[in-house]
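Lettering follows sequence order; numbering is per chain, from 1.
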Amino acid sequence: MSETRKPFPFDEFEPKWQARWDSEKTFRTPNPGEEGFDASKPKYYVLDMFPYPSGAGLHVGHPEGYTATDIIGRYKRMKGFNVLHPMGYDSFGLPAEQYAIKTGQHPAITTAANIETFRRQLKSLGFGYDWDREIATTDPEYVRWTQWIFLEIYNSYFCEETNTARPVSELEAKGWSRDEIDNVRLAFVADTPVWWSPDLGTVLANEEVEEWKSKGHTVERRPLRQWMLRITKYAQRLIDELDTLDWPEGIKLLQKNWIGRSEGAEVAFSFLPNKMVAAEISEWKLVNEPPGEPDKFGELHIDPVKVFTTRPDTLYGATYMVLAPEHPMVGFLHPNVWPDNTPELWKGELEPARVSPYSAINAYRQACAAKSDLERGDLNKDKSGVFTGAFAVNPVNGEKIPVWIADYVMMGYGTGAIMAVPAHDERDYEFAHKYQIKIKPVVAPEAGDTFMLELLGDSQELCRDRDALLKRYATKPELYHDGLLPFHGEGIAVNSGFLDGLPTKEAKSKMIGWLVENEKGDRKIQFKLRDWLFSRQRYWGEPFPIVWKDGKHQAISDSELPLLAPPLEDYKPSGSPEPILTKATDWVQLPDGSIRETNTMPQWAGSCWYYLRYCDPSNSDRFISKEAEAYWSSNTQSSINNTQCGMVDLYVGGTEHAVLHLLYARFWHKVLFDLGHVRTPEPFQKLVNQGLIMGEDGQKMSKSRGNVVNPDDVVSAYGADSLRLYEMFMGPLEQVKPWQMKGVEGVSRFLARVWRLAVTEEGGVSPKIQDAPCSDKELLRVVSETIKKVGEDIEKLSFNTAISQMMICTNAFTQADTVPLAEFVHFLKVLNPFAPHITEEIHSRIGGEGLLSETEWPTYDESALIRTECELVVQVNGKLRDRIWMAMDAPEETAKELALASPKVQEHIDGKTMRKIIYVPGKILNLVAN
RNA sequence: GGCGGCUUGGCGGAAUGGUAGACGCGCUCGACUCAAAAUCGAGUUCCAAAAGAGUGUGGGUUCGAGUCCCACAGCCGCUACCA
């Protein structure tokens with residue numbers, strides 16, 4: 001390939017300016033108390049989601065968000081803010097460790113090399129970061145404070161009275177025992193079913209499972225002892241405080257749905273005592289671990305099982321009960337011959353064949369255990385389950401209802417048991433339909449529903465005659481397919497005893513009242529959010545600052561931090577769930593007989609608080625000094641209310657972190673807030689998600705499709721400024737948009753036009769640039785307009801329209817006979833945040849002194865914007881008929897006269913009567929006639 | 001299935017309820033050149049043009065709707081038996 005001639009010598013001046021910004025620390029931001037700190041400046045904290053430094057280097061998605069924040073940061077600096085705009089690396093992670101296993105290189109070495117590449121690439125794009133604040137989550141000094149924060153969490157409990165975290169030392173003072181305290185810590189150990197990958201040698205978070213499976217790794221479910229963080233205690237606050245954040249509504253909703261609050265009731269169902277004969281008892285014992293012995297009469301009394309429901313008003317319609325296959329109570333239940341006290345209701349309705357033998361129950365449980373959640377989900381069209389033979393009692397009406405186990409009920413949500421109301425729940429309906437279980441409508445939709453009207457007959461039948469209803473229903477199975485059943489909406493309670501006639505809302509609260517009164521249940525708020533599985537078994541993560549002594553965990557002292565993982569020869573997973581660090585026997589075993597915790601923290605740990613560390617990155621006494629925390633938390637503006645909520649003014653990153661990272665970071669921040677370490681209740685006031693950049697073919701960029709654009713290639717062909725400008729010109733920041741190499745050429749041409757305005761072929765100053773006052777009013781107006789609009793557009797993050805305005809301005813300069821120097825410099829300043837290199841270069845070539853990056857944002861004269869004449873659009877009945885030049889502030893009478901004088905207008909109003917005239921000065925005159 | 005987003009020329013995209021298509025790409029023509037590239041200038045929603053039509057579809061509100069309201073369709077993303 002021949003050397004292509006470059007329209008301007010970006011390859012020479014871009015590295016030059018980058019070197020200068022670097023050596024002069026142009027974008028260094030002093031902290032309070034440091035040299036150069038100006039307390040009169042307001043702070044502005046603009047943050048990027050820091051990258052995981054993969055071996056592949058930057059992709060074009062990175063510079064999209066990074067350029068946006070860089071423009072904001074540079075603009076705010078020019079507007080007189082003390083701008084914090086840092087960058088770092090989320091450098092722990094499984095891929096680095098996998099790579100280490102493959103190559104035999106220590107992950108620290110490969111990670112350092114990757115960071116080196118990222119830093120070079122970031123610098124080649126001219127981002128104005130304060131490089132003195134650069135951090136990596138793997139730095140020992142960073143690890144130290146990650147571990148310190150973990151210990152703060154470990155040493156806290158959640159106080160229900162104050163709804164905040166508090167130190168466990170308070171409980172010690174109250175005389176709580178060691179075990180009692182361990183039960184309430186925000187960081188605790190639990191046996192829990194987790195995703196375990198034998199060949200990766202670690203457990204995986206739910207959301208990681210798919211990814212690693214697709215790479216060919218095996219993943220299985222097994223119960224393991226794990227560290228958990230009690231994020232569920234913060235569920236309500238994590239929902240409520242979203243309201244004060246300037247986040248996209250969609251992201252707020254995603255978080256709300258993830259946390260998944262539902263209101264309802266917990267209802268206790270007791271079981272019929274079953275009599276067992278000796279033979280049954282021994283058979284039952286073979287397959288279960290009985291919690292107790294049947295009494296001397298052979299009766300086993302089973303504790304009541306609680307279910308959660310959002311529809312307590314449908315309790316009368318609960319015709320069976322389902323336990324999750326993993327439900328601990330399943331082991332307590334046992335199929336039986338008919339209980340002696342089988343109510344008349346059930347006699348003859350259940351065939352003996354439908355009563356499952358023990359073996360069937362266990363086979364079913366084992367089959368479910370082998371299935372992953374995903375597989376269960378895939379099969380969700382075909383419900384399955386087995387009848388246990390046991391019966392529970394519907395607490396509200398005393399009816400005996402059969403107890404089934406089925407995998408459509410999940411152990412992980414609610415109590416792992418449900419009351420099934422087939423008439424008003426699709427899943428229950430489907431199941432009941434398949435297994436011929438009774439369906440009993442108890443909610444009538446509002447008037448107008450054909451099914452219900454039909455069932456109601458003379459409008460009273462349903463309530464009085466249940467059997468008639470059921471018979472009638474049995475003859476009409478097609479009603480389900482008509483979408484009439486199950487009816488899961490709100491309506492009027494029927495066939496429900498004391499609830500009859502009440503609308504759903506009132507029925508709910510009346511039923512809850514009844515449950516409370518009769519001690520059968522209680523109001524309950526249930527969340528989908530589960531406690532955060534916080535431990536991993538791999539090597540490349542922060543070790544827990546915990547040791548075990550006599551079977552109890554305890555924190556190591558702060559002075560021992562950072563606790564670093566020892567070097568290992570071999571990170572290869574053993575295939576057993578033992579953490580890799582277990583291999584470092586010397587490290588694990590302490591002289592006093594205690595042993596170190598060998599789990600490590602997940603990658604999220606480091607990213608949970610990095611925005612805090614940026615504020616005071618080299619502090620060795622605290623994770624962030626009080627002063628730095630106070631200053632960088634100040635003055636955040638909320639557009640929603642006047643209370644300041646978040647610390648970071650603007651946070652830009654991809655939607656992939658909409659839930660996990662952003663939820664985890666909010667959780668840690670709130671704990672730190674409760675403990676008095678930070679003063680804002682939230683970390684990120686304003687959040688913006690950049691849209692995905694697709695390949696030129698409109699598909700997601702991927703190696704296998706071969707449509708990946710490497711930013712390095714774009715920089716070498718067109719320069720960093722062109723890449724920056726193009727990524728901002730593609731379209732709205734938040735939108736998904738396809739890459740077009742032709743578009744890069746377009747913005748490159750624009751920059752070349754700017755270049756040629758001021759610089760001659762030989763490199764001298766163009767004679768067109770004249771250091772004289774601007775006599776061209778129209779040109780002055782365009783420049784002023786540009787200063788105004790670009791500033792406004794930057795504030796709105798509407799970069800594409802800002803660039804378009806600068807193109808208009810450039811075209812105006814090009815067309816003008818001379819370019820007044822002062823106006824041109826204004827233009828350069830406006831363009832500078834977008835294309836910092838070329839503007840610095842031109843500025844210095846035309847004799848500008850100092851760095852353009854350090855100048856102030858230009859101002860403009862309002863009067864220059866005022867237009868005296870305008871083109872008034874004349875419409876007849878809303879359709880454009882003519883345009884008339886006239887004075888901007890002409891009175892309606894004048895406008896009307898001029899309009900009526902137009903032949904084009906006359907043509908359309910001829911013979912019609914004028915009904916109305918709408919006049920918007922400077923814009924439009926609409927003549928309504930007929 | 002649920003939730004969210006999107007739908008405007010050949011393409012990326014502009015439009016406080018007030019001239020639809022700014023700006024850019026592409027294309028056409030012209031200038032410069034021996035020639036090409038680059039550059040500069042003119043043009044470019046559709047229809048040969050006048051008239052007219054036109055922002056996914058169908059309704060509505062309004063003097064006036066891409067924009068607001070109702071219904072529907074298509075595409076994209078997330079989530080998924082959450083009781």
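Within the structure, no pair that satisfies the ring-ring contact (aromatic ring centres under 6.0 Å, His included) test touches residues 903-930 of chain A, not counting sequence neighbours.
Taking 4.0 Å as the cut-off between side-chain N and carboxylate O, A/E727 and A/K737 do not count as a salt-bridged pair. A/E792 and A/K789 are not joined by a salt bridge, as no carboxylate oxygen comes within less than 4.0 angstrom of a charged side-chain nitrogen.
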Atom pairs, N/O to N/O, protein against nucleotides 20-26 of chain B, distance under 3.5 Å?
| unit_1 | atom_1 | unit_2 | atom_2 | d |
| --- | --- | --- | --- | --- |
| B/rA22 | N3 | A/S804 | OG | 3.4 |
| B/rC23 | O4' | A/S804 | OG | 3.2 |
| B/rG24 | OP1 | A/N811 | ND2 | 3.3 |
| B/rC25 | OP1 | A/R749 | NE | 3.0 |
| B/rC25 | OP1 | A/R749 | NH2 | 2.9 |
| B/rG26 | OP2 | A/R749 | NH2 | 2.9 |

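Contact check, A/R756 against B/rC40: a side-chain N or O comes under 4.0 Å of OP1 or OP2. Contact check, A/K528 against B/rC3: no side-chain N or O comes under 4.0 Å of OP1 or OP2.
Contacts of A/E907 with the nucleic acid, taken as non-hydrogen atoms under 4.0 Å apart, are absent. Across all strands shown, A/V928 has heavy atoms under 4.0 Å from sugar-phosphate atoms exclusively, and none from any base. Residue contacts for A/R261: at a heavy-atom cut-off of 4.0 Å it reaches no nucleic acid atom on any strand shown. Backbone-only engagement by A/N257 is indicated by non-hydrogen atom pairs under 4.0 Å involving sugar-phosphate atoms exclusively. If you check every strand for non-hydrogen atoms under 4.0 Å, A/S262 touches sugar and phosphate atoms only. No engagement by A/V322 is indicated, since no non-hydrogen atom pair under 4.0 Å with the nucleic acid exists.
Within the shown strands, B/rU79 is the pairing partner of B/rG1 under the Watson-Crick or G-U definition, both distances less than 3.5 Å. Base pairing analysis places B/rU61 opposite nothing; no Watson-Crick or G-U wobble pair with both distances below 3.5 Å involves it. Across all strands shown, B/rC6 is found opposite B/rG74 as a Watson-Crick or G-U wobble partner, with both distances under 3.5 Å. Pair assignment for B/rG41 gives B/rC29, based on Watson-Crick or G-U wobble hydrogen-bonding distances that are each under 3.5 Å.
Comparing A/L253 and A/V920, the nucleotide of RNA chain B nearest to each residue sits closer to the 5' end for A/L253. Summary of the strand contacts: A/Q735 and A/F308 both lie near RNA chain B, and taking for each the nucleotide with the nearest heavy atom, the more 5' one is attributed to A/Q735.
Taking the O4'-C1'-N9-C4 or O4'-C1'-N1-C2 dihedral as appropriate, B/rG58 has a value more than 90° from 0 and is therefore anti.
Taking the six-membered ring for Trp and the full ring otherwise, A/F813 and A/F827 have centroids separated by under 6.0 Å.
Side-chain contact annotation: A/T801 with A/S804, donor-acceptor N/O pair under 3.5 Å absent. The closest side-chain donor-acceptor pair between A/T67 and A/Y726, if any, does not fall under 3.5 angstrom. A donor-acceptor pair shorter than 3.5 Å can be found between the side chains of A/D531 and A/T232.
For B/rA20 and B/rG66, the C1' atoms lie 8 Å apart once the distance is rounded to whole Å. The same atom, P, is picked in B/rA15 and in B/rC63; the two are 27 Å apart, to the nearest Å.
One atom, CD1 of A/I917, and another, C1' of B/rG64, lie 15 Å apart when rounded to the nearest Å.
Under the 6.0 Å distance and 45° angle rule, A/K383 counts as a cation-pi partner of A/Y408.
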